[in-house]
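Only one structure is covered here, and it is reproduced in the block below.
We name chains A, B, ... by the order of the sequence lines, and we start the count at 1 in each one. Atoms considered below: every heavy atom in the structure, side chains included; atoms not considered: hydrogens, waters and symmetry mates.
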Amino acid sequence: MANKKSKGEENNELKKLIAHAKEYGYVYPSSEIYDGLQAVYDYGAYGSELKNNLKRLWWECMVRLNENVVGLDSAIFMHPTTWKASGHVDSFNDPMVDNKDSKKRYRADVLIEEYAESLRKAGEVDKGNVIESEMNQLLEAEDLAAVKDLIEREDIKCPISGTCNWTDVRQFNLMFDTQIGSVADDSGKIYLRPETAQGIFVNFLNVQKTARQKVPFGIAQIGKAFRNEIVARQFIFRMREFEQMEMQFFVRPGEEMKWFEHWKSVRLKWHKALGVPEDKLRIHEHEKLAHYANAAVDIEFEFPFGFKEVEGIHSRTDFDLKQHQEFSKKKMQYFDPEINQNYIPYVVETSIGADRLFLMTLFNAFVEEEVGEGDKVKQRTYLKLHPALAPIKAAILPLTKKDGLPEKGREIFDRLRFDFNLIYEDTQSIGKRYTRQDLIGTPFCIAVDHQTLEDDTVTIRHRDTTEQKRVSIDALHARLSEACSFTRIFEQL
RNA sequence: GCGGGAGUAGCUCAGCUGGUAGAGCGACAGCCUUCCAAGCUGUAGGUCGCGAGUUCGAACCUCGUCUCCCGCUCCA
């Protein structure tokens with residue numbers, strides 16, 4: 001393709017954003033003084049503000065604007081059986097072994113099972129069964145070294161290289177685990193949740209009853225989740241500790257596709273309302289569905305490294321509630337008075353990564369443009385963040401540090417600070433201060449000049465155009481409220 | 001996994017055939033009182049990625065090690 005970016009260019013765009021994010025207080029590598037921790041990042045002064053604003057916006061759009069969606073804040077720790085019921089223990093936990101010659105990776109249990117099967121076929125039924133039960137015992141005991149010994153003792157070869165040159169057997173746990181209770185033993189092993197959804201499912205009846213909701217209704221939650229990602233790349237796109245914003249919507253069986261389409265269009269509209277250019281968004285339909293789903297789409301954004309999932313909308317059927325009903329022996333059913341029936345509701349999930357949304361927002365906001373003429377051409381860099389999302393709403397900047405201008409500036413600052421996140425700054429030249437605000441994405445700069453002392457007016461500079469307008473100090477509050485309110489985004493929904 | 005390249009101040013980088021570190025920008029303080037990173041003065045900030053070795057002496061040479069980047073390979 002003609003306008004396809006080269007790998008180097010993609011990398012440059014990402015690198016530039018990473019550098020900017022670090023330099024201007026958005027995102028730092030975690031534990032940087034110790035050379036960092038792979039695939040873990042920290043949010044700085046402005047990053048934490050932006051992330052909070054995004055989370056609050058999502059929450060308000062979900063919970064406040066929908067009467068039939070209520071919130072929940074469930075714990076990261078959950079009873080271990082939760083993850084057996086959800087299927088995560090089985091599908092997120094495999095003993096892996098690599099052949100050093102072919103560089104192929106195998107599931108150790110599959111490798112041994114296939115070997116045992118070949119023995120049985122060759123007539124050595126007993127030996128095959130013995131080996132398989134031995135393997136199961138070792139896996140049960142989590143004795144991976146012994147599993148390797150077993151592979152070597154039986155001289156199980158890689159089908160590709162034909163050698164028995166294996167690495168150690170390693171457990172690839174996509175779930176993190178830890179101990180609960182002060183005495184560490186196996187019975188206390190619990191997982192850090194790999195998704196927030198299960199906290200919603202296990203609380204389904206609690207919330208339904210106490211918030212007096214009727215199907216169809218939804219439960220929304222924002223929270224951290226943890227996954228041992230094997231490939232750790234692409235900045236905060238793929239992190240080991242990340243934050244999800246999920247809403248599980250419970251519907252009558254048979255009506256799930258209607259609601260699936262509903263939430264698909266609602267969520268797509270939401271991204272557009274945030275100002276994401278339409279040509280950078282696309283819907284990707286899953287062909288291969290997860291074990292719990294009967295329909296799934298991703299809302300993808302075109303990052304420099306390609307179209308990637310930001311949000312997923314899944315029709316999860318009644319899989320999760322049914323599983324929990326089975327494992328917990330508690331009824332996870334709802335009595336629907338309208339049709340006089342008891343049923344396990346079907347679930348439509350919307351799940352967006354807060355960190356991915358953050359990254360998408362930063363990419364959209366990052367602007368570099370040439371300004372000036374002739375030999376005075378300079379590059380201007382700024383973050384074109386929506387005022388409702390920007391970490392700092394306005395900077396109060398006295399033109400000079402004399403003549404009572406700082407005092408007047410402080411006065412204005414104090415009048416507005418209770419309602420808006422502001423910066424007051426009076427050092428160095430005004431141009432330098434404007435530029436600094438551009439770099440962190442502050443939408444408005446309020447300059448206090450000599451005329452202010454005469455008629456109580458100030459100039460407001462708009463970040464995107466650098467144009468200034470003179471307004472009275474009394475009008476500032478209303479102006480900022482108008483521009484920085486979430487209502488400006490709600491109106492687009 | 002293989003090959004190549006790079007690690008020196010917050011950032012970008014200089015540092016000759018080995019002689020115990022420099023610039024620009026940025027930050028901070030002051031002057032100036034000025035509307036888009038202006039100017040002047042000053043200040044802070046570096047065990048030169050880490051560890052050994054050679055040497056009277058190592059940012060520089062040798063070995064090891066870690067991290068990052070590029071390309072290939074692999075995986076999805």
Counting only side-chain nitrogens and oxygens, does [X] get under 4.0 Å of the OP1 or OP2 atom of [N]?
X: A/Gln468; N: B/C36; result: no
X: A/Lys432; N: B/C36; result: no
X: A/Lys15; N: B/C68; result: no
X: A/Gln428; N: B/G39; result: no
X: A/Thr466; N: B/C36; result: no

Take atom [atom1] in [N] and the same atom in [M], then report the distance between them in whole Å.
N: B/C70; M: B/C63; atom1: C1'; result: 26 Å
N: B/U62; M: B/U54; atom1: C1'; result: 7 Å
N: B/A9; M: B/G22; atom1: P; result: 14 Å
N: B/C74; M: B/A6; atom1: C1'; result: 25 Å
N: B/A21; M: B/C60; atom1: C1'; result: 12 Å
N: B/G46; M: B/A27; atom1: C1'; result: 16 Å
N: B/G15; M: B/A23; atom1: C1'; result: 10 Å
N: B/U17; M: B/G3; atom1: P; result: 29 Å

Would [X] and [Y] pass as an ion pair if we require N to O under 4.0 Å?
X: A/Asp298; Y: A/Lys264; value: no
X: A/Glu311; Y: A/Arg267; value: yes
X: A/Glu467; Y: A/Arg461; value: no
X: A/Arg227; Y: A/Glu241; value: no

Decide yes or no on side chain to side chain contact (heavy atoms under 4.5 Å, CB included) for A/Lys408 and A/Asp456, but give the supporting numbers first. CA-CA 9 Å; A/Lys408 193 69 186 172; A/Asp456 272 339; 2.8 Å; yes

5'-most contact on RNA chain B: A/Thr400 or A/Thr427, nearest heavy atom basis?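 Taking each residue's closest nucleotide, the earlier one in sequence belongs to A/Thr427.
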
Between A/Tyr24 and A/Glu425, which is nearer to the 5' end of RNA chain B once each is assigned its nearest nucleotide?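 Its nearest nucleotide being more 5', the pick is A/Glu425.
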
The side chain of A/Glu23 lies closest to which of these nucleotides: B/C69, B/A29, B/C11?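 The answer is B/C11.
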
Residue A/Lys22, side-chain atoms from C-beta onward, closest of B/C35, B/U33, B/C11: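 Nucleotide nearest to A/Lys22's side chain: B/C11.
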
Using whole Å, what does the distance between atom [atom2] of nucleotide [N] and atom [atom1] of [X] come to?
X: A/Leu14; N: B/C69; atom1: CG; atom2: P; result: 10 Å
X: A/Tyr382; N: B/C36; atom1: OH; atom2: P; result: 18 Å
X: A/Ile440; N: B/G10; atom1: CD1; atom2: C1'; result: 17 Å
X: A/Leu405; N: B/C35; atom1: CG; atom2: P; result: 12 Å
X: A/Gln379; N: B/U12; atom1: CD; atom2: P; result: 15 Å
X: A/Asp403; N: B/C31; atom1: CG; atom2: P; result: 13 Å
X: A/Gln437; N: B/C36; atom1: CD; atom2: C1'; result: 13 Å
X: A/Lys401; N: B/C31; atom1: NZ; atom2: C1'; result: 10 Å

A/Arg410 charged N/C atom sitting above A/Phe413 aromatic ring, 6.0 Å / 45°: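 Geometry flag: set, cation within 6.0 Å and 45°.
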
Base-pairing assignment for [N] (Watson-Crick or G-U wobble, both under 3.5 Å):
N: B/G22; result: B/C13
N: B/C72; result: B/G1
N: B/A29; result: B/U41
N: B/C63; result: B/G51

Name the nucleic acid region contacted by [X], choosing base, sugar-phosphate or nothing; use a 4.0 angstrom heavy-atom cut-off, strictly under.
X: A/Asp449; value: base
X: A/Ile430; value: sugar-phosphate
X: A/Leu439; value: base
X: A/Arg461; value: base

What about the rings of A/Phe420 and A/His477, do their centers lie closer together than 6.0 Å?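 Yes.
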
